[in-house]
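See below for the structure under consideration.
Nothing fancy with the numbering, it's 1 onward along the sequence.
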Amino acid sequence: MAFEPGGYADKLGNRYEGRWVARQLLLLLSEQLTSITLESVGDDEAGVDLWVTRLDGTREAQQCKAENGTKFNWSLRDLASRGVLSHLKSQLQRDPAHRFAFVSSTPANQLRDLSRSASDSTGEEESFYKDQIVAGSKDRQDAFAVFCECLKLQESDPCDRKIAFDLLTRSDFHLFADDREQREELKWMAKQSVIGDSAAVIALLANFAEENLRKTIIASDVRQHLKRSDFEPRVLLVDERITPRLDELSKEFKASIGPHLAGGEVIPRQEVDKLKAAVAKQDVDAIVLHGSAGRGKSGVLYQLCQSLDESETPYLAVRLDRKTPVDNPIAFGQKLGLRDSPVNSLCAVAGGRHCILILDQLDALRWTSAHANEGLDVCKALLREVQTMRLMGRQISVVFSCRTFDLEHDPQIKTWLKPSQVFKLQKVEVKDLPEKSIQEFVSGFNVDYGRMTSRRRDLLRSVHNLSMWAEVMESENSSPEFDSGSDLLRAFWKNRRRELEKAGFAPSETQRILHSIAAHMEKAASLTAPARIVEQHEGLATELQTLNVIHIERRSISFCHQSHLDFLIASQASESIETDEQSITWDAPIFCTRRYERLGWG
């Protein structure tokens with residue numbers, strides 16, 4: 001079979017070979033295979049129409065031939081005359097881990113009988129020859145003799161018999177009948193995996209492979225192509241597949257950041273290119289993206305994810321302030337809805353491609369006392385898994401994001417993420433936004449940037465400050481007065497409370513709910529709170545989300561930015577000190593002190 005464009009008059013999707021390819025893609029979609037490559041190029045791929053990588057990592061070279069002319073069977077001499085046996089030998093002798101399979105709608109009884117007999121033997125070539133060939137039927141004896149003859153092997157030579165045995169144990173025959181029953185089974189497979197007309201899906205998949213000759217195709221490629229073609233992969237009631245869950249986690253990660261970008265738009269950051277360059281280095285195990293609070297680390301990772309989507313690079317991005325690691329990597333993976341650890345899950349579906357694990361807000365594990373050491377220990381174990389995978393030849397990198405303050409001052413993080421002989425680390429710092437970017441952004445609000453004080457210009461180079469400024473500008477159509485980051489926070493909260501009151505919510509109700517959320521987080525030493533806190537205040541909860549104050553996901557509440565929580569708790573603490581009312585119980589002095597430092601009040 002030749003899949004070259006122009007080498008046939010009909011589309012691959014309408015041919016026997018195309019239906020076999022579509023079947024492999026459906027198996028890939030259901031994650032029964034890791035990857036497929038249609039007719040790889042070069043002398044190394046002679047006689048190979050399809051490479052299939054199985055879940056155990058074994059690569060199987062497949063050669064398809066629909067029929068053997070008018071014959072009802074493929075004899076070994078037929079296979080030899082059509083070059084199949086020589087291709088079998090050349091491919092299997094290239095790598096002792098490879099397998100070879102011949103695919104046809106016409107049976108190849110001699111090849112199937114010999115290969116399965118060899119596979120079922122005790123594993124020793126001479127016992128196979130003695131028990132299965134010499135003591136076997138006359139037909140099997142003749143078949144083995146022909147097999148050796150066609151491959152220029154001497155049956156009488158023990159060394160050649162060993163070669164023949166090895167080739168047979170790694171060979172197979174797949175009968176793929178080109179009849180109505182087989183086609184209906186293929187349609188049923190398509191129906192189980194994709195919503196839409198099954199025949200159209202089969203043709204689409206085959207033609208997709210044709211358009212991606214010599215490219216390794218993984219499950220996420222198939223899913224994205226189906227979606228682009230207006231076919232939706234089916235969501236199963238109990239779905240243990242990895243790729244659909246990675247898609248969902250990716251959407252959750254981007255949805256937690258995208259709506260809260262300054263002015264709702266992406267400001268291109270040069271740090272993204274630095275990250276991509278670091279990830280591409282073969283000798284770098286881990287990259288730490290760090291910067292001061294509010295500099296836009298999550299926004300940089302958001303843009304990195306967009307770039308990975310465009311290049312179809314497999315990745316898993318997780319916000320550690322919302323999905324805290326527990327117990328061990330496998331338990332963490334299961335908490336994320338995966339069957340195994342995040343590292344193993346990524347590598348399982350990457351198909352040999354470079355894949356990226358992104359762990360955002362590492363410092364969040366240390367700002368809360370609950371399970372802080374445990375969460376960090378799981379992250380350390382994940383890095384060790386990445387190193388192990390890289391030693392095994394897998395292409396995988398991990399990107400952490402962390403506030404510079406914690407990277408330099410938190411004892412555990414500082415000790416772990418320092419220059420080491422154990423793993424190669426590269427740091428990428430997120431700096432203030434370039435002045436040109438700020439000028440363009442501010443001008444978009446019809447504000448004269450040139451009339452701003454230098455102090456205000458410098459403050460707006462922080463992404464978080466710029467975002468709060470934009471929120472107030474959009475609401476009030478006038479720039480707030482500010483000379484510090486805390487001034488902007490106060491202006492932001494004053495505006496949010498005013499907007500909530502305009503929407504019909506009493507200030508007392510707003511204050512009570514915000515206090516309940518913050519108090520729960522403080523008491524539990526967590527950055528999330530249960531959604532039941534706002535169950536009786538659905539309208540207020542919706543408005544708080546609309547105003548980019550809180551985010552509700554999977555029955556869990558978090559603040560859109562950690563500084564919002566810091567501000568509420570610090571403000572309450574200040575009021576308590578003034579009135580001598582200790583309504584907030586601090587977990588530890590350092591916890592309180594850090595909040596003030598982060599807000600610039602210390």
Side-chain angles (χ1 to χ4, degrees), residues 10-38 50 52-55 176-212 215-256 258 305-306 308-317 336-339 345-346 348-351 353 355 553-554:
D10 201 1
K11 280 285 187 181
L12 180 59
N14 298 326
R15 300 177 57 184
Y16 168 81
E17 297 92 341
R19 289 187 283 278
W20 174 257
V21 170
R23 188 177 192 277
Q24 304 313 298
L25 287 171
L26 287 169
L27 292 174
L28 180 64
L29 192 61
S30 64
E31 295 186 2
Q32 296 180 55
L33 300 174
T34 299
S35 70
I36 73 165
T37 306
L38 187 60
L50 191 68
V52 168
T53 304
R54 303 200 176 278
L55 297 183
F176 184 63
D178 195 23
D179 55 21
R180 180 178 178 180
E181 183 177 347
Q182 186 75 72
R183 295 190 189 194
E184 288 301 316
E185 179 189 354
L186 188 58
K187 287 182 181 179
W188 180 85
M189 288 177 64
K191 186 177 180 180
Q192 296 301 305
S193 299
V194 185
I195 299 171
D197 180 74
S198 299
V201 169
I202 292 167
L204 178 73
L205 291 176
N207 293 331
F208 169 66
E210 170 199 340
E211 293 163 3
N212 288 273
K215 294 180 181 178
T216 299
I217 300 172
I218 60 178
S220 60
D221 298 330
V222 182
R223 290 179 63 84
Q224 293 305 316
H225 182 69
L226 287 167
K227 291 179 180 179
R228 287 193 295 265
S229 304
D230 296 324
F231 286 97
E232 191 66 29
R234 194 175 292 279
V235 178
L236 306 180
L237 183 61
V238 179
D239 196 344
E240 294 187 345
R241 291 176 299 169
I242 299 170
T243 305
R245 184 58 186 147
L246 293 182
D247 285 349
E248 190 174 347
L249 289 168
S250 172
K251 290 177 183 176
E252 289 179 5
F253 180 80
K254 288 180 287 188
S256 74
C305 289
Q306 288 183 316
L308 296 176
D309 286 333
E310 291 172 3
S311 63
E312 298 183 335
T313 301
Y315 70 93
L316 168 57
L336 296 175
L338 302 167
R339 290 173 294 179
S345 298
L346 258 180
V349 296
R353 290 188 195 172
C355 53
E553 176 187 298
R554 296 181 180 275

For Leu204, is there any backbone N or O sitting under 3.5 Å from a side-chain donor or acceptor partner on Asn207? no
For a quick test of reading the model, state the closest non-hydrogen atom pair linking Leu226 to Val201 and the distance between them. CD2-CG1, 4.5 Å
Using a 3.5 Å distance criterion without hydrogens, assess whether the side chain of Ser229 forms a donor-acceptor pair with backbone atoms of His225. yes
Are the side chain of Ser193 and the backbone of Ala190 linked by a donor-acceptor contact shorter than 3.5 Å? no
Note, Thr37 side chain near Ile217 side chain (heavy atom, < 4.5 Å): no
With the side chain counted from C-beta on, respond yes when Asp309 and Lys254 share a heavy-atom pair under 4.5 Å apart, and no when they do not. yes
Counting only N and O atoms by type, is there a donor-acceptor contact under 3.5 Å from the side chain of Arg353 to the main-chain atoms of Pro314? no
Is a side-chain N or O of Asp197 found less than 3.5 angstrom from the main chain of Ala200, in a donor-acceptor match? yes
Would you please classify the geometry between the Trp20 ring and the Phe176 ring as parallel, tilted or perpendicular, with 30° and 60° separating the classes? perpendicular
Considering all heavy atoms, the nearest Ala209-Val21 contact: CB-CG1, 3.6 Å
Heavy-atom donor-acceptor pair, Arg223 side chain to Pro233 backbone, under 3.5 Å: no
Can Thr243 and Glu31 be counted as having a side-chain donor-acceptor contact under 3.5 angstrom? yes
Is it true that Thr53 and Ser35 share a donor-acceptor pair across their side chains at a distance under 3.5 Å? yes
Check whether any side-chain heavy atom of Arg234 sits under 4.5 Å from a side-chain heavy atom of Val194, and report yes or no. no
